[in-house]
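Encoded as structure tokens, the structure appears first; notes follow it.
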Amino acid sequence: MRLVAALGALAALAGCATGGPAREATGGAAAPGFPLTITDAAGREHTFDAPPRIGCLWFGCTEIMADLGVPAHAGSEVAIEDDGPFYYPAGPPAEFVTDFTDPEDWARTGVEVIMHRVPETPENDALEQAAPVFYLHHPSYGESSETGVAAYRANLEILGRLTGRTEQAQAALARFDGVLDGLRAAAPPGAAGTTVAPMFSSDDGTYSVTGRENPFCVTLAENGLGQCVDTGDDAEVNAEAFLALDPDWIAYQVFADESWTGRVDPVWSRLTAVAQQQVYDAGNRIYCCSLRGLEHALQEYAHHVFGPEAGIPAPGPVADFDPAASPLAAA
Amino acid sequence: MTLLAPTPAPACAPAPPRRTGRLVLVLLGCAAVVTAVAAVQLLRGEPDLAPGDLATALSGADGGDAAFLVRELRLPRVLLGLLTGLALGAAGTLLQATFRNPVADPSLLGISQAASLVVAVSILVPGVVPDLGLPLLCLLAGLGTGSVLVLLARTVRDPVRLILIGVVLSLLYGTLISVVLLLAQDYVRLGNFLRFTTGSVSGASWTTVGAAWPWLAVAIPLAMLSGRALNLLGLGDDLATGLGMKVVRARFLLLGLAMLLIAPVVAVVGPIGFVALLAPHVARYLLGTGNAHQVLPASAAVGAVVVLAADAVGRLAFFPVEIPAGIWTIVVAGPAAIWLARGALRTAAGS
């Protein structure tokens with residue numbers, strides 16, 4: 001009897017040490033499709049006997065987990081706090097990793113796989129001491145087979161398989177396609193010709209603009225919703241060249257409590273978009289890193305650019321953005 | 001005369017030769033290059049302007065788009081580049097003479113990094129540094145670092161060791177900057193700071209020119225008047241003291257003057273590397289003398305040429321994409337700096 005009690009206590013301790021109850025969030029009993037052998041975006045092959053406890057180093061992972069309706073088992077500071085990832089309504093990961101470069105910190109959480117994104121770097125090899133590092137696709141970084149929006153789709157499918165939630169993954173993909181349908185239906189005549197400059201905030205009078213290869217810009221162009229101004233790749237653009245581009249709209253990407261209203265430089269006040277107050281604070285979700293992030297950015301764009309006649313509500317803050325509840329998805 | 005040697009005057013030698021004619025030639029040559037580069041900068045862009053349009057825009061007769069581009073964007077940029085180059089060129093001469101070290105430079109001595117640390121904290125952790133204005137804060141940070149070096153220079157006379165101390169200070173500030181970067185949560189501010197660290201005049205406006213101008217309007221003329229003190233220091237501390245110079249006090253004053261030149265530049269455009277290091281050497285080479293009375297204006301003029309040219313390349317080579325001027329100065333001047341350092345180390349080893 002004592003032996004049983006001791007074993008029970010040990011089992012309980014082991015449960016605590018590995019995060020215990022949170023294991024049910026992403027790990028757990030064997031699911032259909034396991035054992036699973038899967039190749040990541042860096043070309044590395046991984047085999048799992050059961051859905052692993054997932055640690056999200058990259059916030060794109062956290063956001064995809066939310067689309068699957070389940071929080072990650074653990075998340076790094078980067079994946080949880082920076083930029084306010086979209087994990088509504090699944091909620092944040094149960095475990096918090098303060099130093100994402102520290103294998104010990106990851107090992108403490110009991111994760112069975114650490115989700116990062118390409119490119120594969122030697123610095124991440126140390127994390128293998130805690131758990132295998134699985135590289136997701138990134139829309140522009142690295143050399144994965146999938147880029148742009150396709151990278152987001154591929155990541156959703158990968159995590160759907162890893163969590164045994166392929167149906168939820170397919171539902172999220174269908175939802176995104178529904179949002180695109182809704183946007184095309186809501187777009188006013190001539191929307192395709194509307195020019196927008198997604199630019200990063202700056203307080204030194206410079207103009208850094210997101211390149212047209214960005215998934216947000218590609219989605220706008222492919223669906224006739226508008227077009228990003230052509231400035232080449234993500235770069236600082238000469239101020240007078242930006243003035244010559246003179247976009248109809250400016251999506252001003254800010255990361256903190258900033259706003260375009262505080263910007264003062266000679267070119268800024270001469271821009272048509274500024275004069276006509278066709279500038280909006282775009283949060284930080286245009287440049288990256290998941291379908292729901294892109295949905296938020298597109299709804300925000302349509303809310304401002306399509307005008308009140310289109311009847312598209314503002315998506316609101318990222319912290320409680322529920323793409324499934326978006327009227328665009330319903331449409 | 002080689003490009004490497006600072007040609008210190010031998011003890012008990014007559015005053016360094018004055019080659020006024022050569023100085024005039026060098027200054028005229030630099031002025032011609034500055035004028036040519038400035039003209040290109042004022043004419044080229046989006047759109048390119050005809051010389052007639054430029055003249056009209058500059059005369060103030062036309063208030064249209066061309067006038068806006070020239071007066072509000074291109075002209076302040078040229079002026080900021082000019083001021084930056086003049087200041088860095090003069091500061092390089094001051095630092096090299098003050099520390100009697102041919103590779104003394106704001107970056108190698110940790111002065112730029114000290115100022116960068118202040119800027120890093122102010123950009124990445126708003127509200128932490130007191131609101132005294134960045135030029136003043138950079139000045140204080142640079143003066144603190146420079147004072148440590150001057151005090152050490154009293155006991156550490158080996159120029160290589162002094163540079164090594166500067167490098168260590170530089171690394172210390174670099175580490176502190178890394179800590180600030182790691183703690184920063186804001187990627188846009190991070191991007192702004194990283195752009196700052198390369199040194200760029202692309203954000204020039206009358207506001208930025210106005211922030212730097214009052215300091216430099218005082219510091220540049222004062223620097224031009226410090227030739228005698230620099231020549232005395234070049235004789236060596238003992239001889240300078242024998243000639244009535246209070247060496248430590250003079251070093252502090254000259255260092256303060258160098259800081260007055262560097263701080264507003266770093267605060268406004270960032271630490272543009274290697275200009276202060278190379279400009280004095282080029283000036284000495286062109287003049288054929290180490291006479292500080294002549295090296296100071298020539299070095300300032302060479303600095304202006306270097307910064308303006310680097311900015312023109314950065315602005316126009318991949319237009320409309322901006323490549324910071326600091327990148328080009330490093331690309332061009334970096335290898336030359338290695339060459340200089342090699343020469344200095346060989347000289348030190350020989351002594």
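All chains are named by letter (A, B, ...) in the order of the sequence lines, taking the proteins before the strands, and each is independently numbered beginning at 1. Being a predicted model, the structure only gives us computed values, none of them experimental.
Shown here for B/Arg44 and A/Glu240, the closest heavy-atom pair between the two residues is O-OE2, 4.3 Å. Closest non-hydrogen pair, B/Phe319 versus A/Asn238, comes out as CE1-CG, 3.5 Å.
Residues of residues 199-207 of chain B lying under 4.5 angstrom from chain A, judged on non-hydrogen atoms, are B/Ser202, B/Gly203, B/Ser205 by number. Interface residues of residues 307-318 of chain B toward chain A, defined by a heavy-atom distance below 4.5 Å and sorted by number: B/Arg315.
Using a 4.5 Å heavy-atom cutoff, the side chains of A/Phe242 and B/Pro320 are not in contact.
The environment of CD in A/Glu213 is sparse: at most 12 heavy-atom neighbours from other residues, nucleotides or ligands sit within 6.0 Å.
Residue pairs satisfying the side chain to side chain donor-acceptor pair (under 3.5 Å) criterion with at least one member in residues 263-273 of chain B, sequence neighbours excluded, are absent.
If you measure heavy-atom distances from A/Leu243 to chain B, the contacts under 4.5 Å come from the side chain alone. With a threshold of 4.5 angstrom between heavy atoms, A/Asp204 approaches chain B through its backbone and through its side chain. If you measure heavy-atom distances from A/Thr231 to chain B, the contacts under 4.5 Å come from the backbone alone. Heavy atoms of A/Val267 lying under 4.5 Å from chain B belong to its backbone as well as its side chain.
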Donor-acceptor contacts, no H, no angles, side chain residues 323-333 of chain B, under 3.5 Å, sequence neighbours left out:
residue	atom	partner	partner atom	Å
B/Thr329	OG1	B/Gly273	O	3.0
B/Thr329	OG1	B/Gly326	O	3.0

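The backbone N or O of A/Val237 sits nowhere less than 3.5 Å from a side-chain atom of B/Glu322 that would complete a donor-acceptor pair.
With respect to the salt-bridge test (charged N to carboxylate O, under 4.0 angstrom), the residues A/Arg270 and B/Glu72 do not qualify.
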